[in-house]
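Comments concern the structure below.
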Amino acid sequence: EVDGALGSLSAGDGGGSQGGLEDKRPAGTTQVCRRTASGRLDCGKGVFVTAPTPPTLLEVVSSLVTAWRNLGAYPGGHPARTGALQAAHGRLGDFLSASAPLVLGISREGLVSGSQKLGATHVRAFARALYRRNGGLLRVEEGVRPEELETFLTLLGDTGPARDHPLTGEELTSLGVTHIALSPID
């Protein structure tokens, strides 16, 4: 009888040829295991799942754009608003766990990270909002909380007089946003 507790063993986790045993799992896969009622680990035969790949930079930025737009378009608690924010936070977290921090150069024409230029229409609108708030560089650190992301995107989407007011590090920190920094344009 299985109690439902799950575990996993990834290819390369103690694999290789230790003690005469060779790891025969395909590279990049995880073996699914369950703990039995007696406490034994039952890994079954040939039950493998492919390890998920982190989202691409465009996928992360696109989910941030969707959350930014939905925060301004729907009232608090609306499923489109909360769903978009959860999706953006999840993708951002997955991306950051593989390559933190996320650093984006900002211009009116789009965003740049390393040699990748993102200039799709929806990305340009987001970049212009960042630029309008005097953003030259956006940095997001691992550990960013959903409420930090929501606060930041809400500030960015402000359509009132603050819309053209530079967003400072002090302002972000005072609002509890400690894992997101917007550096000014030089």
Side-chain angles (χ1 to χ4, degrees), residues 6 8 10 30 51-186:
L6 295 176
S8 66
S10 297
T30 300
T53 57
T56 65
L57 180 62
L58 182 57
E59 289 171 334
V60 170
V61 171
S62 293
S63 67
L64 289 172
V65 172
T66 300
W68 168 62
R69 286 183 170 167
N70 284 5
L71 285 171
Y74 296 98
H78 191 282
R81 180 182 168 123
T82 56
L85 187 59
Q86 287 172 347
H89 183 261
R91 280 197 173 149
L92 184 59
D94 291 345
F95 183 87
L96 290 171
S97 68
S99 58
L102 170 60
V103 179
L104 297 169
I106 303 162
S107 75
R108 288 185 189 118
E109 288 76 41
L111 301 171
V112 178
S113 180
S115 62
Q116 285 187 291
K117 294 180 181 179
L118 303 177
T121 304
H122 67 288
V123 175
R124 280 196 311 266
F126 186 64
R128 284 187 193 117
L130 289 163
Y131 191 85
R132 194 172 44 244
R133 297 304 296 263
N134 200 35
L137 194 69
L138 175 65
R139 182 180 179 98
V140 183
E141 300 283 344
E142 192 170 16
V144 63
R145 298 178 320 277
E147 52 275 4
E148 287 180 274
L149 186 59
E150 181 175 12
T151 298
F152 177 76
L153 293 174
T154 300
L155 286 170
L156 193 60
D158 189 346
T159 58
R163 167 185 153 147
D164 296 318
H165 161 84
L167 205 52
T168 65
E170 294 83 25
E171 182 179 2
L172 290 174
T173 301
S174 73
L175 295 170
V177 179
T178 59
H179 293 87
I180 303 173
L182 190 62
S183 301
I185 300 166
D186 289 335

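- Applying the salt bridge (Lys or Arg N to Asp or Glu O under 4.0 Å) rule to pairs touching residues 116-136 yields Arg132-Asp164, sequence neighbours excluded.
- In this structure, Ser63 has no side chain to side chain donor-acceptor pair (under 3.5 Å) partners at least two apart in sequence or on a different chain.
- Residue pairs that meet the salt bridge (Lys or Arg N to Asp or Glu O under 4.0 Å) test with at least one member in residues 95-105, sequence neighbours left out, do not exist here.
- Judged purely by atom type and a 3.5 angstrom limit, Ser113 has no side-chain atom pairing as donor or acceptor with the backbone of Gln116.
- Of all the heavy atoms in Thr66 and Ala84, the pair that sits closest is CG2-CB, 4.0 Å.
- The two atoms that bring Leu96 and Val140 nearest to each other are CD2-O, 3.5 Å, heavy atoms only.
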Test Leu172 against Leu155 for side-chain contact (heavy atoms from CB on, under 4.5 Å), laying out the working first. CA-CA 9 Å; Leu172 290 174; Leu155 286 170; 3.9 Å; yes
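- Among all heavy-atom pairs drawn from Pro55 and Val60, the shortest one is CG-CG2, 3.8 Å.
- Listed by chain and number, the residues in a ring pair (Phe, Tyr, Trp, His ring centres under 6.0 Å) with Phe126 are Trp68 (sequence neighbours excluded).
- Residues satisfying the side chain to side chain contact (heavy atoms under 4.5 Å, CB included) criterion with Ser183, sequence neighbours excluded, are Leu137.
- Distance check: Phe152 CZ to Leu71 CG gives 12.0 Å after rounding to the nearest 0.5 Å.
- Not counting sequence neighbours, the partners of His78 by the ring pair (Phe, Tyr, Trp, His ring centres under 6.0 Å) test are Tyr74.
- Listed by chain and residue number, Pro54 satisfy the side chain to side chain contact (heavy atoms under 4.5 Å, CB included) test with Ala98 (two or more places apart in sequence, or in another chain).
- The closest side-chain heavy-atom distance from Leu57 to Leu111 is not below 4.5 Å.
- With values rounded to the nearest 0.5 angstrom, His165 atom NE2 is found 10.0 Å from Asn134 atom CG.
- Expressed to the nearest 0.5 Å, how far CG of Leu175 lies from CD1 of Ile180 amounts to 11.5 Å.
- Annotation: side-chain hydrogen bond (donor to acceptor under 3.5 Å, both in side chains) contacts involving residues 142-152, sequence neighbours excluded, comprise Arg81-Glu150, Arg145-Glu147, Arg145-Glu148, Glu148-Thr178, Glu148-His179.
- Shown here are the salt bridge (Lys or Arg N to Asp or Glu O under 4.0 Å) partners of Glu59, two or more places apart in sequence or in another chain: there are none.
- Here CG of Leu130 is found 4.5 Å from CG of Leu156. Values are rounded to the nearest 0.5 Å.
- A side-chain hydrogen bond (donor to acceptor under 3.5 Å, both in side chains) check over residues 94-111, counting only residues at least two apart or in different chains, returns nothing.
- Between Leu138 and Ile106, the closest heavy-atom pair is N-CD1, 3.8 Å.
- Expressed to the nearest 0.5 Å, how far CD of Glu141 lies from CG of Leu102 amounts to 9.5 Å.
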